[in-house]
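Report on the structure given below.
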Amino acid sequence: MKFAFLIFKYFPFGGVQRDMLRIARDCAAKGHEVTIYTGKWQGDKPEGNIKVVCLPSKGWLNHRRYTSLISAMQQQIKLNPPDLLVGFNRMPGLDAYFAADPCFIERAHSERGYWYRFTGRYRFFADTERAVAGEDSQCKILLLSPPEKAAFQRWYHTPESRFYLLPPNIPTERFANLDRMAAHQQLRQEFGLPKDAKVLLMVGSAFIRKGLDRAIEALAALPENIRSNCWLLAVGEDKAEKMHALAGKLGVASRVIITKGRSDIPQLMAGADVLLHPARSELAGIVIIEAMTAGLPVIVTENCGYAMHISAAGAGRVLPVPYQQSDLNLALVDALQLPDLEKWAKAGRQYTAQIAASTSATVEVDLLETFAAEKSAKHV
């Protein structure tokens, strides 16, 4: 089969970008051809049955560029029609949409003033979301988080039959055979930390949305006897100046390390003590599943889609929403004083192993094959 994947931009450390490329490779491994249409590609391009086509776009504002890019994508699709058109951003004409972003119109009404609804940006994203989730659309929606279905149906009355809830993808290969003792030692050597240092890890771009400022405040609030041997390591693609300034203001500048995105996240997770993910907004949060697979205890806000797996597994602490900084402060103190964090670590590993054993590793490809077959049958 021939699949066309559409995504506005690709960079190696984005969550939806990683999912897109993983699914493309799974398709190629089953003998299908995949063409990825995008406006920007950073990093190495895949080989084999995966082709990347970078298309031009025009406009000063993001939504103007996206409009231009979608038009260019549609022209290419007409020249080379696929068996199935799969979007990783919202846009018209899709056969299937991988819902990696929360319902736009829900957030626009709950988090923005009424004036925002008169902007060109609002109209663009509202129109593209309606093209995907509208009652009259035929687009299949691959869901990462159950609550998002209710949000889409609340605004668009999307039929139940068009939703397909995906289990979390368990990165068993990336996290297999991790040497925890070696990773523990290597992490501390690389950053010049004491051998017995406690390392709090954060992974993810968009530092404010992921709650890095909240993590810095929690670090600063630790009792001196704990903080004196504790460091926060944040890995992600974002501007770090404000975070460094906050750390300096709170007196913990020497205990906050911020680095760009890295490919050795499994090793960092194996070597750290706790993953902090106090995000303000997170549709799913694959980093949560990765931490569980690595055996890294997690402290997470309950508004993250995959926080439910931490609760179900007993693999960490889930903070209630509305968020209170004192909740994170107390949870972190408790976690660092637990006599044995291994109980949380073991629970996470067992939980993800059970999901991996009971779920097809190529569940997305299985669905796309079904969608393509159904589409083909309708046109016979």
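What you are looking at is a predicted structure, and each value in this text was computed from that prediction instead of being measured.
- Applying the side chain to side chain donor-acceptor pair (under 3.5 Å) rule to E237 yields no partners; only residues at least two apart in sequence or on another chain are considered.
- Rounding to the nearest 0.5 Å gives a distance of 7.5 Å between CD1 of I258 and CG of L232.
- Within the model, atoms NZ of K242 and CZ of F207 stand 13.0 Å from one another, a figure rounded to the nearest 0.5 Å.
- The two residues A133 and T158 come nearest to each other via the heavy atoms O-OG1, 2.6 Å.
- For R180, the CZ atom sits in a packed shell: over 12 heavy atoms of surrounding residues, nucleotides or ligands are nearer than 6.0 Å.
- Between C103 and A151, the shortest heavy-atom distance links the atoms CB-CB, 3.8 Å.
- A salt bridge between R214 and D327 is absent, with no side-chain N of the basic residue lying under 4.0 Å from a carboxylate O of the acidic one.
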Applying side-chain contact (heavy atoms from CB on, under 4.5 Å) to L368 and F5, what does each step give before you reach the verdict?
CA-CA 11 Å; L368 297 183; F5 284 10; 4.0 Å; yes
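- Other residues, nucleotides and ligands contribute only 12 or fewer heavy atoms inside 6.0 Å of the CG atom of D44.
- The CZ atom of F98 sits 4.5 Å away from the CG atom of L144 when rounded to the nearest 0.5 Å.
- The existence of a salt bridge linking E217 and K249 is excluded, since no basic side-chain nitrogen approaches an acidic carboxylate oxygen closer than 4.0 Å.
- In this structure, the side chain to side chain contact (heavy atoms under 4.5 Å, CB included) partners of A108, at least two apart in sequence or on a different chain, are F104, Y116, Y122.
- A single hydrophobic cluster is not seen to contain both I299 and V318; linkage of ILVMFWY side chains at heavy-atom distances under 4.5 Å, directly or through other members, places them apart.
- In this view, H63 satisfies the ring pair (Phe, Tyr, Trp, His ring centres under 6.0 Å) rule with no residue, not counting sequence neighbours.
- Separating the CD atom in E369 from the CG atom in D83 is a distance of 11.0 Å, to the nearest 0.5 Å.
- Between R188 and K195, the shortest heavy-atom distance links the atoms CD-O, 3.3 Å.
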Step by step, would you call N80 with K2 a side-chain contact (heavy atoms from CB on, under 4.5 Å)?
CA-CA 10 Å; N80 185 25; K2 293 171 60 178; 2.9 Å; yes
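- When the side chains of ILVMFWY residues are joined at heavy-atom separations under 4.5 Å, either directly or via intervening members, L330 and L200 end up in two distinct hydrophobic clusters.
- The side-chain heavy atoms of E160 and K149, taken from C-beta on, include a pair separated by under 4.5 Å.
- S137 places a side-chain N or O within 3.5 Å of a backbone atom of A131 that can act as its donor or acceptor partner.
- Listed here is the closest heavy atom pair of F8 and L69: O-CD2, 3.7 Å.
- The two atoms that bring P92 and I70 nearest to each other are CD-CG2, 4.2 Å, heavy atoms only.
- Linking Ile, Leu, Val, Met, Phe, Trp and Tyr whenever their side-chain heavy atoms come within less than 4.5 Å leaves Y306 and F13 in two separate clusters.
- L276 and V300 fall into different hydrophobic clusters, where Ile, Leu, Val, Met, Phe, Trp and Tyr residues are linked whenever their side-chain heavy atoms come under 4.5 Å apart, directly or through other members.
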Apply salt bridge (Lys or Arg N to Asp or Glu O under 4.0 Å) to residues E111 and R107 and explain how you reach the verdict.
CA-CA 5 Å; E111 300 177 8; R107 292 183 65 190; 3.5 Å; yes
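- Shown here is E173, whose CD atom has no more than 12 heavy atoms of other residues, nucleotides or ligands within 6.0 Å.
- Taking both residues in full, the closest heavy atoms of A279 and T301 are given as O-OG1, 2.8 Å, listed atom of the first, atom of the second, then distance.
- Exactly one of T352, I355, I288 qualifies for a side-chain contact (heavy atoms from CB on, under 4.5 Å) with P168. That residue is I355.
- Among residues at least two apart or in separate chains, ring-ring contact (aromatic ring centres under 6.0 Å, His included) pairs with a member in residues 156-188 are Y164-F371.
- Distance check, rounded to the nearest 0.5 Å: CE of M269 to CG of L178 gives 10.5 Å.
- Taking hydrophobic clusters as Ile, Leu, Val, Met, Phe, Trp and Tyr residues chained together by side-chain heavy-atom distances below 4.5 Å, V235 shares a cluster with I286.
- Taken to the nearest 0.5 Å, the CG atom of D213 stands 4.0 Å off from the CZ atom of R280.
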Report, one line per pair, each donor and acceptor closer than 3.5 Å where one atom sits in a side chain of residues 50-57; sequence neighbours left out.
none

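- Legend: residues meeting side chain to side chain contact (heavy atoms under 4.5 Å, CB included) with P194, ordered by chain and number and at least two apart, are D196, A197, N229, W231.
- Other residues, nucleotides and ligands place no more than 12 heavy atoms under 6.0 Å from the NZ atom of K58.
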